[in-house]
Amino acid sequence: MKKLLLKRGFTDRLYFYNFAAVHMLMVAILTITALSGALGVTDLSPFSNITQYAYMELGLHTGFIVWKAKEENSRKYRFGTDKNKKVAPVQPEEMEEEEL
């Protein structure tokens, strides 16, 4: 797993760590909730906000990664107006000709 994770880009690693942290937080909250009687915790209402904000942040991070991938792909591939035409990646020599 570590070898597979190290081969990924920075954004993918950051997303994995974010995903793992949110789910470890959820396990901790469930454990505290289950043991609340033994621990003497009477007010569990803050945990409802923590879970909501943790998953909201994870959703925002997921949306950012999807947006970033879309933008990177739109730069890599040229899309024509003809939908039946196959789209090929833009080659470096084609980019130089277009810029001139």
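The analysis underlying the following values was restricted to heavy atoms, covering all of them including side chains, and did not include hydrogens, waters or symmetry mates.
To the nearest 0.5 angstrom, I32 atom CD1 is 7.5 Å from L39 atom CG. Separation of atoms CG (L30) and CZ (F47) is listed at 10.0 Å; rounding is to 0.5 Å. Here the CE-OG1 distance, from M26 to T31, works out to 11.5 Å after rounding to the nearest 0.5 Å.
Shown here for L25 and A54, the closest heavy-atom pair between the two residues is CD2-CB, 4.0 Å.
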Please table the atom pairs, donor to acceptor, closer than 3.5 Å between any side-chain atom in residues 56-66 and protein atoms at least two apart or in another chain.
{"unit_1": "E57", "atom_1": "OE1", "unit_2": "N18", "atom_2": "ND2", "d": "3.2"}
{"unit_1": "E57", "atom_1": "OE2", "unit_2": "N18", "atom_2": "ND2", "d": "3.2"}
{"unit_1": "H61", "atom_1": "ND1", "unit_2": "N18", "atom_2": "ND2", "d": "2.7"}
{"unit_1": "T62", "atom_1": "OG1", "unit_2": "Y15", "atom_2": "OH", "d": "3.0"}
{"unit_1": "T62", "atom_1": "OG1", "unit_2": "L58", "atom_2": "O", "d": "2.8"}

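Annotation: side chain to side chain donor-acceptor pair (under 3.5 Å) contacts of D43 (sequence neighbours excluded): S45. With sequence neighbours excluded, no residue forms a side chain to side chain donor-acceptor pair (under 3.5 Å) with T51.
At most 12 non-hydrogen atoms from other residues, nucleotides or ligands lie less than 6.0 angstrom from CZ of F19.
Cluster membership check: V22 shares its hydrophobic cluster with I50, using side-chain heavy-atom separations under 4.5 Å among Ile, Leu, Val, Met, Phe, Trp and Tyr. If you chain together hydrophobic residues whose side chains sit under 4.5 Å apart, V41 and L35 fall into the same group.
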